[in-house]
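One structure below.
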Amino acid sequence: MIMEVGHREASQAIEDGQLHLEHVQMRDKHVSSLQRGNEEKEKDRNTESLMTNFSNIYALDLLPARNGEEFTEQFLLEVVEILLNYIKKSFDDKSKVLDFHHPHQLLEGLEGLNLELSDYPEPLEQILVDCRDTLKYGVKTGHPRYFNQLSSGLDIIGLAGEWLTATANTNMFTYEIAPVFTVMEEILLKKMHEMIGWGETEADGIFSPGGTISNLYSILVARYKYFPEVKTKGMAALPQIVLFASEHSHYSIKKAAATLGIGTNNVIAVKCDGRGKMIPSDLEAEILKAKRQGRTPLYVTATAGTTVYGAFDPLVNIADICEKYKLWMHVDAAWGGGLLMSRKHSWKLHGIERANSVTWNPHKLMGVPLQCSAFLVCEKGLLQACNQMCAGYLFQPDKQYDVTYDTGDKTIQCGRHVDIFKLWLMWKAKGNQGFDILISKFLELADYLYKELKARENFELVFDAEPEFTNVCFWYIPPSLRRMPNGPERERVLHQVAPKIKAWMIEKGTMMVSYQPHGDKVNFFRMVFSNPATRKSDVDFLLEEIERLGKDI
C-alpha cells in the first residue's frame, strides 16, 4: 500500500513537471512571437518617426482637426517612447534618482527646457522636448532607491489604469457620465468594508483627493451626526466641541479643525508611549478634563501606522473608551490600512471594525499611483445627509436610472477625479494574494534593515525594538561623534548630520531618504518601505552610501 502511494506521488510529480515544462515552453513561444512582433513594430515606428518632422506641426494639426489622425498617432507614439524610456531608467539602479538643480536654475532655463510661457503656439517638436525634459529633471519615484515618502514605486498596471482614466477624462459626480466608474467605486468600497470587518453592515464611503481630505470628512460627518443643526445654523449654535488625537497623529487633524471652524486649540494631544502609541489612560483623563472645563468631547482619531514611527494605536482600548463616553471613533489608517491585505500582519489593526469611520490610502502601502484615498463610514446615508445640496442641474430625481449611483451630493467637491479605476485594475491583476505578497516583502525588508543597523557600529536606532511596520528610524553617528560624551553639544552636532548627508545624496542623485526631528529627538533618518522595486542590495547601498557621505562630518 505504501509503495502504491509512493508510486502515485512519483507519477503525479512527473506529470506536474511535464505540465509545468509544457506551460513554460508555451509561454516562451508566446513571448518569442510577441518579441518578434514588437521588433517589427519598433522598426516600423522608427521608420515612421524618421518620416515625421514635428518642427512645422502644431497642436492645431492634431485631432479633432480634419485629417489629424496620422499626426495624432505619430505624436502620441513619440510621447509613449519618451514614457517607456523614462520607465526603463526609473527601474535601473545605476541611473540617478534625481538630476538635481536649484529653483533659480530651472527658472533661468536648462538646455532645451524653458518654463516660461509664450503668447504664440510652439511646434510639437518643442512640446516633445518639454515632455522629455520635464521627466529628465524630475524625481524618479519608481526608482528602487527612492525612499523619501510613504508613497513610492511605479506599478505598471496602475500606470495603465491612470492612462485610461486620463483618456476617458470624465467626472465622478453622476452615473450618466461615469457609468462604469461609479459602479466600480461601489464594488471597491464594499470590498474595503469587508476588509475592515463591516461586511454585515450597510456602510458607505467616497474616494477623496488624499488622506487629509478623508480625515476632514471624518470630522465633518461626526459633527453632523451629533449636531445636525450645524449644517444650517453654523458653529455658533454648537457648544465648544473638542477632538482628541495622539501627539504622533497626522497634522491633517489640526488642519481640518482649523478649516471647519472648530479651532486648533480644541484638538487635544494625547500622550504616547516610547513606541509612539496612544496611551488609553491619558485619553480617558483628557476626556474627563475637557468635561470638567465645560467643553464637549466629540471625536477621537486613532492612528494605524503613524507617519514617523509607523506605530499602531491600541484600537480595542480606544474603542472601549469611545463607547463608554459615546464619542465618534475614527481610525486614520492612511498609511497602515494596507496591512488589512496581509494574512500575517492584519492583526495589528484589530479593533478597526469598531470604528465609526476609517481613512485608507491605497496610494501608499498598496502602491496605487497617486492619488487614491478612501473615506469609509460605517453608517449609510450620513455622507449624503451631511453634504447634500440637491443641485437641480446635476441631481435630478426623475432620471431613467437608479439615482443612488449619482454620488456627487455625498461629497464636499463638485467635480471629482476618477481615482478608482487604477485601484480596481490593480486588484484584478494582483488579487488579495498579490497584495499580501507585496506587503510581506516590505515588512521583511524593514526587518532586514533593522538587523543590519544593529550590526553596524556607525548607526544607532531611535528606539531599540523590532519594527512593527515598514518604518525604521535611526541616526548615523560619524567617527568624530563616537567619542563625544552625551550632552547638548553632541545633540547639536548630531542634529546637523542627517540634513548634510541628505543634501549630498540629492546633489549626487544616488538616493532619497527622509529625515526629521521628532519631539525631543534631534534629526534622524526615517526609512520606509513601500517601493516594490527595492531589494536587499538597495538597503545595503543605503547604509554604505550614508557612511561614505558622512564619514568626514
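The figures that follow rest on heavy atoms only: side chains count, while hydrogens, waters and symmetry mates do not. Sequence positions, counted from 1, serve as the residue numbers for this chain.
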Query - Exercise: do Ser530 and Ser152 side chains pair donor with acceptor under 3.5 Å - result: yes
**Report entry** Side chains of His248 and Ser246, donor plus acceptor under 3.5 Å
**Finding:** no
Requested in this report: Could I get the full list of salt bridge (charged side-chain N to carboxylate O under 4.0 Å, His left out) partners for Asp273, not counting sequence neighbours?
Outcome: none
**Report entry** Set of side-chain hydrogen bond (donor to acceptor under 3.5 Å, both in side chains) partners for His193, sequence neighbours left out
**Finding:** none
What side-chain donor-acceptor pairs closer than 3.5 Å can you find for residues 281-289, not counting sequence neighbours?
residue, atom, partner, partner atom, Å
Asp282, OD2, Lys271, N, 2.9
Glu284, OE2, Lys324, NZ, 2.8
Glu284, OE2, Tyr325, OH, 2.6

Report task. Quick one: list whatever passes ring pair (Phe, Tyr, Trp, His ring centres under 6.0 Å) with Tyr448, sequence neighbours left out. Result -> none
Query raised in the report: So do Arg456 and Glu544 actually touch side chain to side chain, heavy atoms under 4.5 Å?
Result: yes
Report task. Using a 4.5 Å cut-off on heavy atoms from C-beta on, say whether the side chain of Ser373 contacts that of Ile213. Result -> no
Query - Heavy atoms of other groups near Gln293 CD, more than 12 under 6.0 Å - result: yes
Query raised in the report: ring pair (Phe, Tyr, Trp, His ring centres under 6.0 Å) with His101: which residues, sequence neighbours excluded?
Result: Tyr137
Query - Listed partners of Tyr217 passing ring pair (Phe, Tyr, Trp, His ring centres under 6.0 Å), at least two apart - result: Phe375
Query raised in the report: Would a 4.5 Å heavy-atom cut-off, applied to side chains only, mark Ile157 and Lys428 as touching?
Result: no
Report task. Would you confirm whether Arg526, through its side chain, and Asn148, through its main-chain N or O, come within 3.5 Å as a donor-acceptor pair? Result -> yes
Query raised in the report: Does Pro532 reach the side chain of Phe442, with side-chain heavy atoms less than 4.5 Å apart?
Result: yes
